[in-house]
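Working notes for the structure below.
Note that ligands are numbered from 1 as they come in the structure, with each ligand's atoms numbered from 1 the same way. This chain uses plain numbering: 1 for the first residue, then up along the sequence.
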Amino acid sequence: MGRFGLIGRALGHSFSPAIHALIGDYEYKLYPLEPEALDGFLRASDGDGFNVTIPYKIDAMRSCRELSERARAIGCVNTVTRLPDGEWRGDNTDWDGFLHLLGEDAERLRGRPALVLGNGGASRTVRAVLASCGIPFAVISRSGDDTYATLERHADAELIVNTTPVGMYPKNGASPVDLRLFPRCRLVLDVIYNPLRTALLLQAEELGLPARGGLAMLAAQAVRAGELFLGRELPATLADRITAAIARRTGNVALIGMPGCGKTTTARALGRLTGRPVRDIDQLIEASEGRPIAEIFARRGETAFRRLETEALAGVSKESGIVIATGGGVVTQPRNRPLLRQNGVCVWLDRPGELPVDGRPLSQSVGVEELRRRRLPLYRAWADLTVSASSAQDAAAKIKEALQL
Ligand SMILES: Nc1ncnc2c1ncn2[C@@H]1O[C@H](COP(=O)(O)OP(=O)(O)O)[C@@H](O)[C@H]1O
Ligand SMILES: O=C(O)C1=C[C@@H](OP(=O)(O)O)[C@@H](O)[C@H](O)C1
Ligand SMILES: [Mg+2]
């Protein structure tokens, strides 16, 4: 049962320990290091192997006596393991990670033009793998010959790969390019895994294009590293099983539905049942405004309230692994949809019959039946899962079961 871990600089939010716990029964710890400590750490360590991440993937090469062919092709290492004499061998399993993300499309895209956004470390991996698959590519960077100002030269691109950090947590919502510039595009890949769906991937979905995020790449590079650590092959399906498990764990659950249907109460029950943190958008707005929702409506009107609601949602929906109680009107603003979708699923609490109206200005002024008429199609369209239950406790149990939380 060897001792392994991750070397990098800022590792607090790494998914790697959780992923490796699903790969094998070995120790896997985080080793945040300052740059001057890197060489000494690798020299003195009695560990059996390490993953290496930003900013040390190039620097760690100088501690390796031997490099794999892939590490040499990419020009950096993300995994070091022991040679028989105890020296370090450097490998790069990001290669396996990106190859896995490409999947069967690698064959379909052979000879077809691709566009790689960004020319940093992740871009080197992507370019090496594309070249090995016979997929010709152009690289877009912020400066040089081919920049975001000359994208129209690449309107024939059939594959777009984002390797830049644009749209990555905490700067969610930004997108490196407008996919409408690429009418022949048939696959969009993003190496970012937080959020699960970047703005780029959400636009691809909207345009009906197949799109995949970086979590599958992260899982697949970890599985290959696990094989090197353990010295044996692991099941071919393991990376996909880990991707699904981590997506379930880190994804958010947002409750939508009519005012008074039980979103606030069910969110709390689900929080208790799963140990997940709960965020109630209405309560956050009330706290920041210092007055109840009904008073915000009366003083500032619905449009102002909707702005506050979107702002609160934008902050909350960036987080991972939480339960979100929305307000009943969240579905009236299309801009709220990508905010919820970037990191999770919407569960519609479909509660027919009479609903409480106290403290709910629109239920009182417009009326519950008229609100239902307007909104039911929206709840239905936004819902990834629909739940009807006789109590909030029951609803929470059903959600936990259906989503395997
Ligand atoms: N499935 C349910 N069946 C019956 N009553 C419920 C259910 N879920 C919640 N309630 C009750 O309905 C009321 C409104 O719930 P609340 O959570 O405030 O709704 P929302 O946040 O959707 O406006 C509460 O008194 C709550 O206990
Ligand atoms: O349906 C709506 O438009 C609203 C629902 C309320 O939340 P609940 O659904 O929790 O009552 C609150 O956001 C506000 O009064 C507007
Ligand atoms: Mg509520």
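- In terms of polar-atom proximity, Thr326 is not counted as a contact of ligand 2, lacking any N or O under 3.5 Å from an N or O of the ligand.
- Closest to atom 5 (C) of ligand 2, if we only count protein heavy atoms, is Gly328 N, 3.3 Å.
- Contact between Ala138 and Asp146 at its shortest, heavy atoms only, is CB-OD2, 4.3 Å.
- Within the listing of ligand 2, atoms 1 (O), 2 (C), 3 (O), 4 (C) sit less than 4.0 angstrom from a heavy atom of Gly329.
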**Request:** Give the intermediate values and the outcome of salt bridge (Lys or Arg N to Asp or Glu O under 4.0 Å) for residues Asp94 and Lys57.
**Result:** CA-CA 11 Å; Asp94 288 333; Lys57 290 188 179 188; 2.6 Å; yes
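- Side-chain contact, Thr93 with Asn78: a donor N or O sits under 3.5 Å from an acceptor N or O.
- In this structure, atom 13 (C) of ligand 1 lies nearest to the protein heavy atom Pro356 CG, 3.9 Å.
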**Test log, rule side chain to side chain contact (heavy atoms under 4.5 Å, CB included), inputs Arg43 and Ser63** = CA-CA 8 Å; Arg43 204 178 316 116; Ser63 300; over 6 Å; no
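- Closer than 4.0 Å to atom 18 (O) of ligand 1 lies at least one heavy atom of the protein.
- Looking only at heavy atoms of the protein, atom 20 (P) of ligand 1 is closest to Lys263 N, 3.4 Å.
- The Gly260 neighbourhood of ligand 2 comprises atoms 11 (O), with distances under 4.0 Å to a heavy atom of that residue.
- Below 30°, between 30° and 60°, or above 60°: for His20 and Tyr28 the angle between ring planes is below 30°, a parallel geometry.
- Between Phe297 and ligand 2, a contact under 3.5 Å exists for no N or O pair.
- Side-chain contact between Val323 and Ile399 is absent, with no heavy-atom pair separated by less than 4.5 Å.
- Ligand 1 has no N or O atom lying under 3.5 Å from any N or O atom of Pro259, backbone or side chain.
- Neither the backbone nor the side chain of Ala395 comes within contact range of ligand 1; no heavy atom lies under 4.0 Å.
- No salt bridge links Glu369 with Arg373; every basic N to acidic carboxylate O contact stays at or beyond 4.0 Å.
- Within a 6.0 Å radius of CG in Asp145, other residues, nucleotides and ligands contribute 12 heavy atoms or fewer.
- Summary of contacts: the protein heavy atom closest to atom 15 (O) of ligand 2 is Ile293 CG2, 3.4 Å.
- With rounding to the nearest 0.5 Å, the separation of OG1 in Thr79 from CG in Asn92 is 7.0 Å.
- In terms of heavy-atom proximity, Thr147 sits nearest to Arg142 at CG2-O, 3.7 Å.
- Heavy-atom proximity to atom 3 (N) of ligand 1, evaluated over Ala396, Gly262, Ser390, is greatest for Ser390.
- A heavy-atom distance below 4.5 Å is not found between the side chains of Arg127 and Thr163.
- At a cut-off of 2.8 Å, Thr265 does not coordinate the Mg ion (ligand 3) through any N, O or S atom.
- Using modelled atom types, one finds no donor on one side chain facing an acceptor on the other under 3.5 Å when comparing Thr386 with Asp350.
- Near Leu362, meaning under 4.0 Å from any of its heavy atoms, are these atoms of ligand 2: 3 (O).
- When each atom of ligand 1 is checked for a heavy atom of Arg360 under 4.0 Å away, the hits are 14 (C), 16 (P), 18 (O), 19 (O), 20 (P), 23 (O).
- A side-chain contact (heavy atoms from CB on, under 4.5 Å) with Trp348 is found for one member of Val387, Leu376, Leu378, Asp384 and no other, namely Leu376.
- For atom 7 (C) of ligand 1, the closest non-hydrogen atom on the protein side is Arg351 NH1, 3.6 Å.
- Among Gly359, Ser391, Gly260, Ala267, the residue whose heavy atom lies closest to atom 2 (C) of ligand 1 is Ser391.
- Counting the atoms of ligand 2 from 1 in the order shown, those under 4.0 Å from a heavy atom of Arg375 are 1 (O), 2 (C), 3 (O).
- Atom 26 (C) of ligand 1 has as its closest protein heavy atom Thr265 OG1, 3.5 Å.
- Ligand 2 places these atoms under 4.0 Å from at least one heavy atom of Pro361: 15 (O).
- Crowding of Arg180 atom CZ: a count of heavy atoms from other residues, nucleotides or ligands under 6.0 Å not exceeding 12.
- Comparing heavy-atom distances from atom 12 (C) of ligand 2 across Ile256, Asp282, Leu355 singles out Asp282 as nearest.
- The Ala389 neighbourhood of ligand 1 comprises atoms 1 (N), with distances under 4.0 Å to a heavy atom of that residue.
- Atoms of ligand 2 lying under 4.0 Å from at least one heavy atom of Arg306, given by number and element, are 2 (C), 3 (O).
- In this structure, the side chain of Arg276 does not engage the main chain of Leu270 through any donor-acceptor pair within 3.5 Å.
- Close approach to Arg360 involves these atoms of ligand 2, each under 4.0 Å from a residue heavy atom: 11 (O).
- For ligand 2 and Phe305, the ligand atoms under 4.0 Å from any heavy atom of the residue are 13 (O), 14 (C).
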